[in-house]
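Here is the structure we will look at, set down as structure tokens.
A, B, ... follow the sequence lines: proteins, then strands. Residue 1 opens every chain.
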Protein chains: 2
Amino acid sequence: MKLGQATIKDIAKELNVSLSTVSRALKDYPGISSETKRKVKELAEKLNYRPNAIALSLRKSKSFTIGVIIPEVVHFFFSTVISGIEEVAFANGYNVILCQTNEKLQRELSSIEAMLDNQVDGLLVSYSKETEDFEHFTKLLKQNFPIVFFDRVPEIENTVNVTVNDFKGAYDATSHLINQGYKNIAHLAGPKNLTISRKRLDGYLAALQDHSIKQNPDWIIPCPIGTQEESFNFTKKLFENGKIKPDGIFASNDIAAAGAMMAVKSLGLKVPGDVGIVGFSDWQFSSMIDPPLSTVSQPGFQMGEKAISLLLEMINKKKDEIWSPKTVVLETELIIRKSSEKINKI
Amino acid sequence: MKLGQATIKDIAKELNVSLSTVSRALKDYPGISSETKRKVKELAEKLNYRPNAIALSLRKSKSFTIGVIIPEVVHFFFSTVISGIEEVAFANGYNVILCQTNEKLQRELSSIEAMLDNQVDGLLVSYSKETEDFEHFTKLLKQNFPIVFFDRVPEIENTVNVTVNDFKGAYDATSHLINQGYKNIAHLAGPKNLTISRKRLDGYLAALQDHSIKQNPDWIIPCPIGTQEESFNFTKKLFENGKIKPDGIFASNDIAAAGAMMAVKSLGLKVPGDVGIVGFSDWQFSSMIDPPLSTVSQPGFQMGEKAISLLLEMINKKKDEIWSPKTVVLETELIIRKSSEKINKI
DNA sequence: AACGTCACCGCAATCGATTGTGTTAATTTT
DNA sequence: AAAATTAACACAATCGATTGCGGTGACGTT
């Protein structure tokens with residue numbers, strides 16, 4: 001109303017026909033004379049008529065809106081995923097409602113409530129670090145409400161997920177360090193309750209094992225907060241206190257890797273050479289730091305595209321059709337830069 | 001319906017009362033016995049009743065949704081602004097619909113259409129690089145539709161804007177370089193049709209003038225694309241071709257600054273020392289590159305907060321009240337890091 | 001006994017659009 | 001000429017909630 005937008009009623013009144021005639025004329029239904037159709041369409045054009053999406057949503061119980069729940073917007077990987085989501089949504093006439101949880105469970109819960117109130121047709125979720133119970137998701141899934149989880153996927157049944165191959169990414173990164181001559185590799189791990197953290201840890205461990213390197217529990221350092229400062233401090237401690245010092249670091253994300261790199265450099269050690277470092281995610285800055293950081297790139301944009309494509313499929317199924325649980329795994333790519341160059345090259 | 005969500009009708013039928021009674025009971029209207037209120041509320045609780053926001057939107061011609069139109073999601077500054085927007089929106093019970101234009105005018109136009117169809121209560125806009133005509137905005141503004149422009153604000157009348165003090169930021173950055181001993185300063189400028197580019201250019205020029213340094217038109221290099229490669233190439237050319245070479249670079253954004261830094265280093269020049277560099281925006285990576293980049297930080301989060309606060313004010317005015325045009329200017333802060341250290345310190 | 005008051009609640013219009021089911025009138029069929 | 005068909009349109013229910021107004025009893029008042 002604020003826009004004084006013309007409605008079907010305005011057209012009907014102006015032309016002295018009924019609402020239904022206008023509605024049908026606009027959509028070329030049979031049973032309306034071509035003369036009437038012409039007049040209706042002309043007037044609609046003239047009044048700049050545009051159907052009220054809210055009214056349609058109410059009528060059809062479908063909002064053409066999907067909700068996206070992510071931990072943080074200001075995060076290179078997640079913003080890339082959002083970008084992919086937005087592209088496909090836009091191309092398909094869907095709207096994207098965004099909520100960030102700031103890694104808080106409480107916020108996750110209320111965001112979901114808000115989105116359901118707004119009748120979103122489905123949800124794309126990457127849950128928060130605090131989330132350990134998935135009741136709020138299973139409740140919805142039981143009611144056949146479409147949800148696709150991406151990146152951080154819960155270990156519950158009958159879900160549709162999109163992840164990257166975290167295990168292989170971590171395995172490749174660690175193996176790469178080993179092949180470059182770095183044998184004493186520490187791991188800066190992510191929060192324990194995230195599947196991705198565990199998978200990356202597993203990949204790291206598997207790589208060590210396959211190269212007959214014994215793991216050192218002291219060298220697996222969880223970084224629950226995820227800031228650069230955190231990894232800087234942990235890395236500094238690790239190198240200052242240990243009897244045997246690591247000569248390689250595989251970090252579960254680039255921020256941690258960058259912090260570690262600074263810590264190592266601040267101790268007068270050379271990267272690469274004294275210490276080789278590989279991160280995870282290929283953030284924008286990773287190629288710009290000194291030395292440029294080797295890392296495992298995740299196809300964020302594709303992940304977004306894939307996730308929403310799956311969601312749209314689910315949404316557009318007949319309501320009696322049940323979708324089958326599945327997990328799409330996207331492959332990572334090891335990006336080799338200077339930070340992991342061979343020891344003897346230096 | 002997908003959720004089998006309970007409606008007011010369900011409650012009414014179950015309790016054998018009318019719809020209006022249920023509605024009023026739920027909102028503690030007078031004229032309903034406390035006994036009835038109790039029963040209604042109990043059943044509502046039991047059925048997990050939640051009002052249908054779509055129905056409310058239709059009834060009230062208000063969707064509690066605002067649209068955000070930005071050039072790119074994967075952009076540190078913009079994602080920070082989004083974060084600020086989302087926080088305030090969430091706190092006030094508003095939803096945020098997001099569209100990115102990818103710097104395309106066509107996309108901007110259709111995004112606005114889509115948002116209006118969805119009855120957003122207002123728009124937050126940072127327009128695309130392609131946008132030179134603002135007809136699509138003035139049309140809405142004439143109809144008193146609430147719009148707040150942020151960062152990239154159009155030079156048209158009667159708008160409400162939030163910007164940073166680009167002029168002063170640029171002036172400070174350039175003056176800083178001069179004070180550090182760098183007198184021959186080139187400027188990597190932004191796209192010409194953006195006000196922010198012009199303001200930053202003006203600040204740069206004013207600083208030169210105030211220090212009695214003559215400007216060199218060849219040293220003002222527009223970077224319309226905005227990639228690191230672009231500024232890398234332009235900077236390289238600049239240093240290879242010029243007779244007199246610059247010893248300072250003020251870039252209108254950090255990406256360009258980073259590209260310039262790489263170009264300068266690739267030519268064997270030292271940063272700082274041979275060349276001092278200052279960027280603009282304080283991207284996440286700026287403190288991590290080598291040398292850490294001096295830059296002008298923009299309060300993105302605050303900008304988002306302020307922009308949506310203004311928008312909500314406008315939305316909640318009585319419809320006959322007219323808001324007055326205004327521009328809120330947020331101050332920048334010069335962040336001094338190593339890339340602009342004094343010449344003689346080296 | 002007749003009337004007023006008040007508590008409590010229901011009816012129906014409304015928001016904008018869709019759609020199944022009438023209802024006309026003209027046209028065709030027999 | 002009467003009956004059947006059909007084109008072209010209107011009516012009204014519907015989606016879920018809100019809200020002005022009207023209605024119905026149970027009281028008290030005079």
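- Within the structure, a side-chain polar atom (N or O) of K27(A) is placed less than 4.0 Å from OP1 or OP2 of dT18(C).
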Restricting to nitrogen or oxygen on both sides, can you table the protein-nucleotides 4-9 of chain C pairs closer than 3.5 Å?
from, atom 1, to, atom 2, distance (Å)
dC9(C), OP1, T36(B), OG1, 2.7
dC9(C), OP2, S33(B), N, 2.8
dC9(C), OP2, S33(B), OG, 3.3
dC9(C), OP2, T36(B), OG1, 3.3

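- The separation between R59(A) atom CZ and dG20(C) atom P is 9 Å, rounded to whole Å.
- With sequence neighbours excluded, no residue satisfies ring pair (Phe, Tyr, Trp, His ring centres under 6.0 Å) with F77(B).
- Counting only residues at least two apart or in different chains, ring-ring contact (aromatic ring centres under 6.0 Å, His included) contacts with residues 5-27 of chain A are absent.
- Side-chain N/O atoms of N161(A) and T163(A) include no donor and acceptor closer than 3.5 Å.
- A side-chain hydrogen bond (donor to acceptor under 3.5 Å, both in side chains) check over residues 65-81 of chain A, counting only residues at least two apart or in different chains, returns nothing.
- Taking the screw axis at each terminus of the helix from dA1(C)-dT30(D) to dT30(C)-dA1(D) from five consecutive base pairs, the angle between the two is 80° to within rounding of 10 degrees.
- Between D121(A) and K60(A) no salt bridge is recorded (no basic side-chain N to carboxylate O distance below 4.0 Å).
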Show me the protein contacts with nucleotides 22-25 of chain C, counting only N or O atoms at under 3.5 Å.
none

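- Every residue two or more places apart in sequence or in another chain that forms a side chain to side chain donor-acceptor pair (under 3.5 Å) with E155(A) is listed here: R198(A).
- Considering only residues two or more places apart in sequence or on other chains, N95(B) meets the side chain to side chain donor-acceptor pair (under 3.5 Å) condition with N118(A).
- Residue K9(A) places at least one side-chain N or O closer than 4.0 Å to OP1 or OP2 of dC15(C).
- With sequence neighbours excluded, the residues satisfying ring pair (Phe, Tyr, Trp, His ring centres under 6.0 Å) with F64(B) are Y94(B).
- A heavy-atom distance below 4.0 Å to DNA chain C is reached by these residues of residues 47-55 of chain A, ordered by number: Y49(A), R50(A), P51(A), N52(A), A55(A).
- Among residues at least two apart or in separate chains, ring-ring contact (aromatic ring centres under 6.0 Å, His included) pairs with a member in residues 113-139 of chain A are Y127(A)-F134(A), F137(A)-F149(A).
- An OP1 or OP2 oxygen of dT18(C) is reached within less than 4.0 angstrom by a side-chain nitrogen or oxygen of S23(A).
- When the side chain to side chain donor-acceptor pair (under 3.5 Å) test is applied to E42(B), the partners found at least two apart in sequence or on another chain are R38(B).
- Salt-bridge annotation for R152(A) and E132(A): absent, with no side-chain N of the basic residue lying under 4.0 Å from a carboxylate O of the acidic one.
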